[in-house]
Amino acid sequence: MSPHDVLEILSNGATLKDMEGAAVAHVADMFSTPAIFVKAVTEIVDGEKPRAEEFLQNLTAATKALDQAVAEVVNFVCGKCLSDL
């Protein structure tokens with residue numbers, strides 16, 4: 001991570017970073033296209049367990065949580081104008 005990234009993470013109390021979503025958000029912004037991201041975390045960088053083991057342990061729970069969250073987001077935005085969100 002760059003020193004700027006570390007400063008941003010620490011100053012915002014963040015516990016993770018989303019590089020893929022940030023790239024998509026950047027392109028969406030370039031084209032003035034609204035975007036909503038709903039993601040789940042399956043592994044902790046610097047966690048105590050090996051990454052592959054942690055990923056497999058968290059995959060089922062993360063998938064279930066994501067399934068519920070996506071349904072809630074779709075229900076929330078359905079039928080609303082962008083200005084209402």
Side-chain angles (χ1 to χ4, degrees):
M1 285 190 289
S2 72
H4 176 75
D5 289 344
V6 173
L7 180 62
E8 287 294 314
I9 288 170
L10 294 176
S11 68
N12 287 290
T15 56
L16 58 99
K17 64 179 179 177
D18 180 3
M19 298 180 343
E20 299 85 3
V24 173
H26 177 72
V27 174
D29 184 58
M30 288 172 52
F31 291 94
S32 300
T33 302
I36 295 175
F37 299 90
V38 183
K39 296 182 75 171
V41 176
T42 54
E43 60 185 276
I44 310 295
V45 179
D46 300 335
E48 296 178 10
K49 298 179 182 178
R51 290 179 72 188
E53 179 183 337
E54 186 171 59
F55 172 81
L56 291 174
Q57 285 182 340
N58 294 334
L59 182 59
T60 300
T63 302
K64 287 179 183 178
L66 187 60
D67 181 51
Q68 181 178 345
V70 168
E72 290 175 14
V73 169
V74 169
N75 287 334
F76 178 78
V77 301
C78 188
K80 293 182 180 172
C81 295
L82 186 60
S83 61
D84 295 333
L85 300 173

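From a predicted model like this one, the values you see are computed outputs, not experimental measurements. The first residue of the sequence shown is numbered 1, and numbering continues consecutively from there.
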Donor-acceptor contacts under 3.5 Å from residues 75-82 side chains, at least two apart:
from, atom 1, to, atom 2, distance (Å)
Asn75, ND2, Ala71, O, 3.2
Lys80, NZ, Phe76, O, 3.0

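Clustering ILVMFWY residues whenever any of their side-chain heavy atoms sit less than 4.5 angstrom apart, transitively, puts Val24 in a cluster other than the one holding Val27. One hydrophobic cluster, built from ILVMFWY side chains closer than 4.5 Å, holds both Ile36 and Val70.
Leu59 CG to Glu54 CD: the interatomic distance, rounded to the nearest 0.5 Å, is 12.0 Å.
The environment of Lys64 atom NZ is sparse: at most 12 non-hydrogen atoms of other residues, nucleotides or ligands sit within 6.0 angstrom.
Contact check for Val38 versus Leu66: side-chain heavy atoms found under the 4.5 Å cut-off.
Hydrophobic cluster of Met19: no remaining members, since no ILVMFWY side chain lies below 4.5 Å from it.
Minimum heavy-atom separation, Ala40 to Ala62: CB-O, 3.6 Å.
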